[in-house]
Chemist: 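Below is one structure. I have some questions about it.
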Amino acid sequence: MRRRIVPLLVLLVGLGLFWATRERSPAPPGIEVSSDVAECRRHLLAIYDGLRAYHERFGRLPERAGVGFLASLVADGIWENDEAHAALLTCPGPGARPVTPTTDLSDPSTWTEDSSAYAGRDPIGSPIEKFPAGGPAASALAACDNQAGCNHPGILNVLYTDRTVRTFELAALLRRGEVPPGTEHLIVGPDSPLSGLRVLSVH
């Protein structure tokens with residue numbers, strides 16, 4: 001019996017280390033991550049876990065777009081309607097617009113583009129064919145909305161269907177010519193210069 005227990009313990013420790021590392025989802029080398037960017041990444045990973053729970057309960061992801069895609073976690077009963085979960089549903093960046101105080105995450109009639117500083121997926125205009133999905137099939141689920149400029153100075157966080165958070169650095173994108181010269185912040189949504197962010201909506 002003891003021979004069986006030791007390999008099992010080794011396996012459990014290994015899995016624990018794997019998930020701990022996976023949750024950190026570090027930024028690419030060369031990008032300095034400030035505390036607000038790291039906190040934002042934590043929010044996005046929590047949103048992913050909420051979406052995963054939503055998918056397990058309903059057999060699909062939320063059918064609302066933008067802010068509604070995210071707020072459905074509360075409205076449809078996956079998360080409690082409390083301050084802690086409301087905080088997770090918006091970007092903590094210093095340049096992010098504050099959430100309008102009349103927002104009630106359990107009541108869709110109160111939702112506006114100012115109900116979160118995150119952009120959410122538009123599952124109507126850009127259906128999610130598979131969830132979870134990785135590799136070439138991975139696509140964006142949520143991101144800093146950058147509606148008032150950069151939520152984080154020069155940085156944008158994006159959550160993907162494989163539970164990774166990719167941190168984009170505007171300066172690096174400009175150097176590589178991936179965005180037009182003079183771009184001051186990355187637009188998120190249908191007009192984004194990055195095609196992978198056009199599946200998101202701020203509304």
Side-chain angles (χ1 to χ4, degrees), residues 25 27-28 31 33-34 36-48 50-51 61-73 86-100 103 105 108 111-129 131 133 137-203:
S25 189
I31 295 182
V33 177
S34 61
D36 56 282
V37 174
E39 181 68 6
C40 175
R41 295 166 67 84
R42 188 181 73 82
H43 286 203
L44 290 170
L45 288 173
I47 287 171
Y48 183 95
L51 291 171
L61 287 174
E63 296 176 337
R64 304 175 178 102
V67 170
F69 184 79
L70 306 173
S72 291
L73 293 178
L88 289 175
L89 283 174
T90 194
C91 177
R97 289 200 295 191
V99 173
T100 179
T103 294
L105 292 172
W111 301 346
T112 70
E113 61 187 55
D114 295 325
S115 296
S116 173
Y118 282 133
R121 181 72 177 234
D122 176 7
I124 301 167
S126 301
I128 301 169
E129 295 182 4
F131 179 83
S139 59
L141 289 171
C144 310
D145 67 4
N146 282 0
Q147 286 204 84
C150 289
N151 287 9
H152 314 278
I155 293 291
L156 174 77
N157 281 331
V158 183
L159 173 69
Y160 289 87
T161 52
D162 59 354
R163 200 181 182 274
T164 60
V165 176
R166 183 176 175 188
T167 300
F168 291 86
E169 186 181 29
L170 179 58
L173 294 172
L174 284 166
R175 284 195 303 271
R176 295 195 296 265
E178 295 180 32
V179 296
T183 299
E184 296 182 354
H185 69 277
L186 286 174
I187 296 173
V188 177
D191 297 324
S192 176
L194 299 180
S195 60
L197 303 184
R198 295 172 192 161
V199 301
L200 302 174
S201 173
V202 297
H203 302 294

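Index from 1, following the sequence. This is a predicted model, so every value here is computed, not measured.
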Chemist: Donor-acceptor check, side chain of Thr161 to backbone of Ala133, threshold 3.5 angstrom: yes or no?
Modeler: yes
Chemist: Once rounded to the nearest 0.5 Å, what's the spacing between atom CZ of Arg97 and atom CD of Gln147?
Modeler: 4.5 Å
Chemist: Are Glu169 and Ile155 close enough that some pair of their side-chain heavy atoms sits under 4.5 Å apart?
Modeler: yes
Chemist: Testing the basics here: between Thr90 and Tyr118, what is the closest heavy-atom pair and its distance to 0.1 Å?
Modeler: C-CE1, 3.3 Å
Chemist: Under a plain distance cut-off of 3.5 Å, with no hydrogens placed, do Ser72 and Arg64 share a side-chain donor-acceptor pair?
Modeler: yes
Chemist: Evaluate Cys150 against Glu184 for side chain to side chain contact (heavy atoms under 4.5 Å, CB included), listing each step before the verdict.
Modeler: CA-CA 8 Å; Cys150 289; Glu184 296 182 354; over 6 Å; no
Chemist: Would you give the length of the straight line joining atom CH2 of Trp111 to atom CG of Leu70, rounded to the nearest 0.5 angstrom?
Modeler: 9.5 Å
Chemist: Could you measure the distance from the SG atom of Cys144 to the CG atom of Leu156? Nearest 0.5 Å is fine.
Modeler: 5.0 Å
Chemist: Once you round to the nearest 0.5 Å, how far does CZ of Arg163 lie from CG of Leu141?
Modeler: 12.0 Å
Chemist: What are the two closest heavy atoms between Leu186 and Pro193, and how far apart are they?
Modeler: CD2-CG, 4.3 Å
Chemist: Can you give me the closest heavy-atom contact between Ala119 and Val202, atom names plus distance?
Modeler: CB-CG1, 3.9 Å
Chemist: Please tabulate, one pair per line, all N/O donor-acceptor pairs under 3.5 Å involving side-chain atoms of residues 170-180, not counting sequence neighbours.
Modeler:
residue: Arg176; atom: NE; partner: Glu178; partner atom: OE2; Å: 2.5

Chemist: For the residue pair Ala71 and Leu89, what are the closest heavy atoms and their distance?
Modeler: CA-CD1, 4.3 Å
Chemist: Holding to salt bridge (Lys or Arg N to Asp or Glu O under 4.0 Å), I want the full list of residues that pass it with Asp122, two or more places apart in sequence or in another chain.
Modeler: none
Chemist: Check whether Asn151 reaches the backbone of Cys91 with its side chain - one donor and one acceptor, N or O, closer than 3.5 Å.
Modeler: no
Chemist: With a 3.5 Å distance limit and no angle check, can you tell me whether Arg166 reaches the backbone of Val158 through a side-chain donor-acceptor pair?
Modeler: no
Chemist: Would the distance check show the side chain of Thr103 and the main-chain N or O of Thr100 forming a donor-acceptor pair, the cut-off being under 3.5 Å?
Modeler: yes
Chemist: Which heavy atom of Cys40 sits nearest to which heavy atom of Asn157, and what is that distance?
Modeler: SG-ND2, 3.4 Å
Chemist: May I ask you to decide if the ring planes of Phe131 and Tyr48 are parallel, tilted or perpendicular, using 30° and 60° as cut-offs?
Modeler: tilted
Chemist: Any side-chain donor paired with an acceptor under 3.5 Å for His185 and Asn146?
Modeler: no
Chemist: Side chain to side chain contact (heavy atoms under 4.5 Å, CB included) between Phe69 and Leu51: does it pass, once the steps are laid out?
Modeler: CA-CA 9 Å; Phe69 184 79; Leu51 291 171; 3.8 Å; yes
Chemist: Decide yes or no on side chain to side chain contact (heavy atoms under 4.5 Å, CB included) for Arg42 and Leu88, but give the supporting numbers first.
Modeler: CA-CA 8 Å; Arg42 188 181 73 82; Leu88 289 175; 4.1 Å; yes
Chemist: Find the distance between OG (Ser115) and CG (Leu105) and round it off to the nearest 0.5 Å.
Modeler: 7.5 Å
Chemist: Working note: Ser201 + Arg121, criterion side chain to side chain contact (heavy atoms under 4.5 Å, CB included); need CA distance, chi angles, decisive distance, verdict.
Modeler: CA-CA 6 Å; Ser201 173; Arg121 181 72 177 234; over 6 Å; no
Chemist: In Å, rounded to the nearest 0.5 Å, how long is the span from CG of Leu45 to NE2 of His43?
Modeler: 10.5 Å
Chemist: Looking at Leu44 and Leu159, what are the two nearest heavy atoms and their distance?
Modeler: O-CD2, 3.2 Å
